[in-house]
Asks: 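Handing you this structure, nothing more for now.
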Amino acid sequence: MRKKIIAGNWKMNNTVGQGICLAKEINLALRVKTPQCTVILCVPHTHISAVEGIIDHDKLFVGGQDCSIYEKGAYTGEVSAEMLFGAGARYVILGHSERRSLCHETADILKTKVGKALMHKLKIIFCVGESLEQREAGKHFSVVEEQLKQSLFHLTDAEFGKIVIAYEPVWAIGTGKTASSAQAQEIHAHIRKTIAAHYGKAIADECSILYGGSMNAGNVKELIAQPDVDGGLIGGAALAANTFLPIVEAY
Ligand code: 13P
C-alpha cells in the first residue's frame with residue numbers, strides 16, 4: 001500500500017514564533033488523535049530546527065521548501081540540502097510552480113537539486129502542473145510528462161522510490177479554484193501511467209501522488225476518494241490548525 005500524505009506548504013508565511021505556535025497546536029491535536037496518514041510541515045528554512053524541536057517524530061515530519069543546487073561554499077544566501085537535513089528536515093519540496101516562475105528554475109536546475117537532496121537523504125515532494133493556458137490548449141498531459149522526464153527519469157529505481165509527486169495545476173494554486181475530482185483523477189492516473197512506462201508498474205503503484213491547489217476541508221474527501229490521489233500539498237489552508245487538521249482527519 002502506498003503512503004497517504006498530507007503536507008502543509010507554509011510558503012513565506014509565519015514568523016518563527018507563530019510557526020512554533022502553529023506546529024505545537026497541530027502536534028498536540030495529532031497526539032490526541034493519531035493521524036491515519038503521514039503529516040509533513042514544509043516550513044521556511046529559518047523555522048526548520050525550531051519546529052523540529054517541538055514535534056513528536058512518530059507523527060509529524062518537517063520539510064524544507066527548496067534547496068540549493070550547490071553543495072557548499074561562496075553562495076551568499078543559499079541553503080544546501082545537507083543543511084536542511086542537519087536542521088531536521090526529512091523532506092524538501094522541489095519544482096514548485098512559484099519557484100519555476102518567480103525564480104526561473106528550469107528542468108535542468110531541478111534535476112541538479114533533486115540529486116543534491118537525495119545525496120543528503122532528503123525525500124522529495126516534486127511538483128508538476130500546467131498553467132491555465134496550457135490546460136485550455138489541451139497540453140496538460142504532455143506538460144506534466146515532460147516535467148517528470150526532464151528532472152526525474154534519470155534516477156535509478158531505488159532513488160525514484162524517495163520521490164513523492166505533487167500535481168499542482170497552476171490555475172488552482174491560491175485561487176480558490178480546485179480541479180474537479182474527475183480532472184484530478186484523470187491526470188493523476190496519467191502521471192502514474194507515465195511512471196509505469198519508465199519504471200514499471202510495481203514502482204508506479206508505490207509512488208504517492210498528491211494533489212495541490214486550493215485543497216481544503218470542503219473538497220478533501222472527494223479528492224482523496226479518487227484511486228490515484230494519495231493525499232494533498234496544502235498552501236493557504238495549512239496556515240491555521242483549524243483549517244489544516246480537518247484535512248488530515250479526512251483520512
Ligand atoms: P493553495 O492550497 O493555497 O492553493 O496552495 C497550494 C500550493 O501551492 C501548495 O504547494
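Reckoned from all heavy atoms, side chains included, excluding hydrogens, waters and symmetry mates. Order of appearance sets the numbers: ligands from 1, and atoms from 1 within every ligand.
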Asks: With the criterion set at N/O pairs under 3.5 Å, what does the list of contacts between the protein and ligand 1 look like, atom names and distances included?
Replies:
| residue | atom | partner | partner atom | Å |
| --- | --- | --- | --- | --- |
| ligand 1 | 2 (O) | Ser214 | N | 3.4 |
| ligand 1 | 2 (O) | Gly235 | N | 2.9 |
| ligand 1 | 3 (O) | Gly236 | N | 2.8 |
| ligand 1 | 4 (O) | Gly174 | N | 2.6 |
| ligand 1 | 4 (O) | Ser214 | N | 2.7 |
| ligand 1 | 5 (O) | Lys11 | NZ | 3.4 |
| ligand 1 | 8 (O) | Lys11 | NZ | 2.8 |
| ligand 1 | 8 (O) | His96 | NE2 | 2.8 |
| ligand 1 | 8 (O) | Glu168 | OE1 | 3.4 |
| ligand 1 | 10 (O) | Asn9 | ND2 | 3.0 |
| ligand 1 | 10 (O) | His96 | NE2 | 3.0 |
| ligand 1 | 10 (O) | Glu168 | OE1 | 3.2 |
| ligand 1 | 10 (O) | Glu168 | OE2 | 2.9 |

Asks: Using side-chain hydrogen bond (donor to acceptor under 3.5 Å, both in side chains) as the criterion, list what pairs up with His96, not counting sequence neighbours.
Replies: Glu168

Asks: Hey, are Glu82 and Lys72 close enough for a salt bridge, meaning a charged N less than 4.0 Å from a carboxylate O?
Replies: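 A salt bridge is absent here (no side-chain N lies under 4.0 Å from a carboxylate O).
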
Asks: Can you tell me how the ring of His188 sits relative to the ring of Tyr167, calling it parallel under 30°, perpendicular over 60° and tilted otherwise?
Replies: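 Answer is perpendicular, since the angle exceeds 60°.
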
Asks: Is the gap between the ring centers of Phe141 and His190 under 6.0 Å?
Replies: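 Close enough - the centres of the two rings lie under 6.0 Å apart.
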
Asks: Under 3.5 Å, which donor-acceptor pairs link side chains of residues 237-251 to any protein atom two or more places apart or in another chain?
Replies:
| residue | atom | partner | partner atom | Å |
| --- | --- | --- | --- | --- |
| Thr243 | OG1 | Ala237 | O | 2.8 |
| Thr243 | OG1 | Ala240 | O | 3.1 |
| Tyr251 | OH | Gly231 | N | 3.2 |

Asks: Run the side chain to side chain contact (heavy atoms under 4.5 Å, CB included) test against Ala189 and tell me which residues pass, sequence neighbours left out.
Replies: Gln185, Asp228

